[in-house]
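Shown next, in structure tokens, is the structure this report addresses.
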Protein chains: 2
Amino acid sequence: MIDTRRRILDTAERLFGEQGYSTTSLRQIITTAEVNVAAVHYHFGSKEDLLDAIVLRKAGPVTAARLDLLDRAEAAAAPDPPCVDLILESFLLPTADVAQNNPAFALLMGRMLTEGMMPRIVEKHFQETAKRYVEAFARALPNLPREELLWRFHFMIGAMAHTICGSPTLRQIDSNCDFPTRMRRLVTFLAAAFRAPAENQPCDVR
Amino acid sequence: MIDTRRRILDTAERLFGEQGYSTTSLRQIITTAEVNVAAVHYHFGSKEDLLDAIVLRKAGPVTAARLDLLDRAEAAAAPDPPCVDLILESFLLPTADVAQNNPAFALLMGRMLTEGMMPRIVEKHFQETAKRYVEAFARALPNLPREELLWRFHFMIGAMAHTICGSPTLRQIDSNCDFPTRMRRLVTFLAAAFRAPAENQPCDVR
DNA sequence: GTCTATACTGAGATAGAC
DNA sequence: GTCTATCTCAGTATAGAC
């Protein structure tokens, strides 16, 4: 079949998201997708490279959407830097969009950001964007020491990843679990956090 | 040998932390610990139950330290509730202690909080403590809607877990990577975040 | 260029001898 | 309690059919 490759990608994306990467076997994928065992190795090389291809297919649009929103925010605020709320929105909302339309993949992406197992892939796809955002935050928060800013960026990634994943700590939360709403809550939360003065540091208003 | 069980526990704790849970095979553990393959199944039942036992051994003291610090903070502030900074410290510092003394186990714990694979274990050991803390935060932030509070608690867990894990996003951060310092930065960050007014909500001063 | 069949190694798990 | 042998299933590699 001509669409073997795509069928493997679609099936694996769904199963990885639903069950996790290590829990899902290639044999389950190829059975569900109705292809042969060797097909996945022919098309992708290995299980890890299959995951890589899945991420690649979706990460591109997300990154593009992020940078586009960031560009607009910067253009609108010029010559001043945009405020942290807008920077945060441009970073978080594209993720919420993908998550809303494709919950299984959202789970997978959230896990990848935290599962220490595949830093190679994460690094490849997110490191450049991360640098661009660190610069944007630095301009919006000029009084914040560089090191403090990098840590805060790191805290943000953790909160975002965990929010995408769902998780057991919030079984009690009954309503409003759609991703855009979550992300709006997260923006409010993180904006205040980023604006907090560093310890023994003057307050910073943007 | 009488200490077979302990040798398995120690070895597995170290290897799981260093390499991750799924990456580490039982065979590697039993080779390193110099015990037989079947010993782990005899003493623990399965690989997952072994992980469970490892967590159990360390989670108890951490939980105890947390609740002790929280009790003290509440007693000192009575009849008022303690401020969010102190609540956050009581939650985060015991984790930093363990992480500082046993980095490998810290990695493991951080991963467990995020790897969707073992929610059963996480839930068992952390759910009760979580409820206690949600109540403490609720008293410190009486104007915050319940649902918003639960989400913020969730964001906090994500930031904490990711901070314990290390991660690729902060290769650039060169100094001050010890856990207590990280956690103090995190307390500042999260305190401001928790105190942020909910959207269309009056500000809240504690 | 694609796909199939099949074999290889190593994983976790289990039954039963001692 | 401990160890050996063995089972099933995982990911991977390759030879060859179409």
Side-chain angles (χ1 to χ4, degrees), chain A residues 1-57 104 107-108 111-112 115-122, chain B residues 1-57 104 107-108 111-112 115-122:
Chain A
M1 297 244 192
I2 182 84
D3 58 349
T4 299
R5 195 188 145 92
R6 174 186 293 263
R7 278 223 311 287
I8 295 173
L9 276 174
D10 291 340
T11 309
E13 177 178 312
R14 184 168 57 79
L15 293 179
F16 283 163
E18 287 170 6
Q19 311 173 346
Y21 172 72
S22 39
T23 314
T24 305
S25 72
L26 287 182
R27 282 169 163 88
Q28 183 185 4
I29 294 169
I30 59 104
T31 305
T32 311
E34 294 176 309
V35 300
N36 187 272
V37 210
V40 52
H41 287 99
Y42 173 74
H43 285 286
F44 302 99
S46 73
K47 190 184 179 185
E48 195 178 336
D49 288 334
L50 169 59
L51 176 60
D52 199 297
I54 292 171
V55 175
L56 202 61
R57 196 171 58 151
L107 271 173
L108 179 59
R111 280 180 187 164
M112 291 226 343
E115 277 191 32
M117 345 253 96
M118 46 206 92
R120 193 180 54 79
I121 301 174
V122 174
Chain B
M1 299 245 191
I2 181 82
D3 58 349
T4 299
R5 194 188 147 94
R6 175 187 292 261
R7 279 223 309 289
I8 295 172
L9 276 174
D10 291 341
T11 310
E13 176 177 314
R14 184 168 58 82
L15 293 178
F16 282 162
E18 286 170 9
Q19 311 173 346
Y21 172 73
S22 39
T23 314
T24 305
S25 71
L26 287 184
R27 281 166 166 88
Q28 183 186 4
I29 293 168
I30 58 106
T31 305
T32 311
E34 294 177 309
V35 299
N36 187 271
V37 209
V40 50
H41 286 101
Y42 172 74
H43 285 287
F44 302 98
S46 74
K47 190 183 179 185
E48 194 179 338
D49 288 335
L50 169 60
L51 176 61
D52 198 297
I54 292 170
V55 174
L56 202 61
R57 197 169 57 150
L107 271 173
L108 179 59
R111 279 179 188 165
M112 292 227 341
E115 277 192 32
M117 347 250 98
M118 45 206 94
R120 192 180 55 80
I121 300 174
V122 174

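Below, chains carry the letters A, B, ... as their sequence lines are ordered, and counting in each starts from 1.
Counting only distance, with no hydrogens or angles, the side chain of B:Tyr21 and the backbone of B:Glu48 share a donor-acceptor pair below 3.5 Å.
If you measure from atom CZ of A:Phe44 to atom P of D:dG11, you get 15 Å, rounded to the nearest angstrom. Counting to the nearest Å, the P atom of D:dC3 and the CD atom of B:Glu34 are 12 Å from each other. When the P atom of D:dG11 is taken as reference, atom CG of A:Asn36 falls 14 Å away, rounded to whole Å. Between A:Leu50 atom CG and D:dA10 atom P there is a gap of 16 Å when expressed in whole angstrom units. At whole-Å resolution of the value, CG in A:Asp49 and P in D:dG11 are 14 Å apart. Going from atom CD1 of B:Ile8 over to atom C1' of D:dG1 covers 12 Å, rounded to whole Å. Remark: P of D:dT4 and CD1 of B:Ile30 are 10 Å apart, rounded to the nearest angstrom.
Residues B:Glu18 and B:Leu15 have side chains in contact (heavy-atom distance under 4.5 Å, counting atoms from C-beta outward). Using a 4.5 Å cut-off on side-chain heavy atoms (C-beta onward), A:Thr4 and A:Asn36 make no contact.
Expressed to the nearest 0.5 Å, how far CD1 of A:Ile29 lies from NZ of A:Lys47 amounts to 6.5 Å.
Every side chain to side chain donor-acceptor pair (under 3.5 Å) that A:Thr24 has, sequence neighbours left out, goes to A:Gln19. A:Ile30 pairs by the side chain to side chain contact (heavy atoms under 4.5 Å, CB included) definition with A:Val35, A:Val37, A:Val40, not counting sequence neighbours.
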What nitrogen or oxygen pairs link the protein and nucleotides 12-15 of chain C at under 3.5 Å?
{"from": "C:dG12", "atom 1": "OP1", "to": "B:Leu26", "atom 2": "N", "distance (Å)": "2.9"}
{"from": "C:dG12", "atom 1": "OP1", "to": "B:Lys47", "atom 2": "NZ", "distance (Å)": "3.2"}
{"from": "C:dG12", "atom 1": "OP2", "to": "B:Leu26", "atom 2": "N", "distance (Å)": "2.8"}
{"from": "C:dG12", "atom 1": "N7", "to": "B:Arg27", "atom 2": "NH1", "distance (Å)": "2.3"}
{"from": "C:dG12", "atom 1": "N7", "to": "B:Arg27", "atom 2": "NH2", "distance (Å)": "3.3"}
{"from": "C:dG12", "atom 1": "O6", "to": "B:Arg27", "atom 2": "NH2", "distance (Å)": "3.0"}
{"from": "C:dA13", "atom 1": "OP2", "to": "B:His41", "atom 2": "NE2", "distance (Å)": "2.8"}
{"from": "C:dA13", "atom 1": "OP2", "to": "B:Lys47", "atom 2": "N", "distance (Å)": "3.0"}
{"from": "C:dA13", "atom 1": "O5'", "to": "B:His41", "atom 2": "NE2", "distance (Å)": "3.4"}

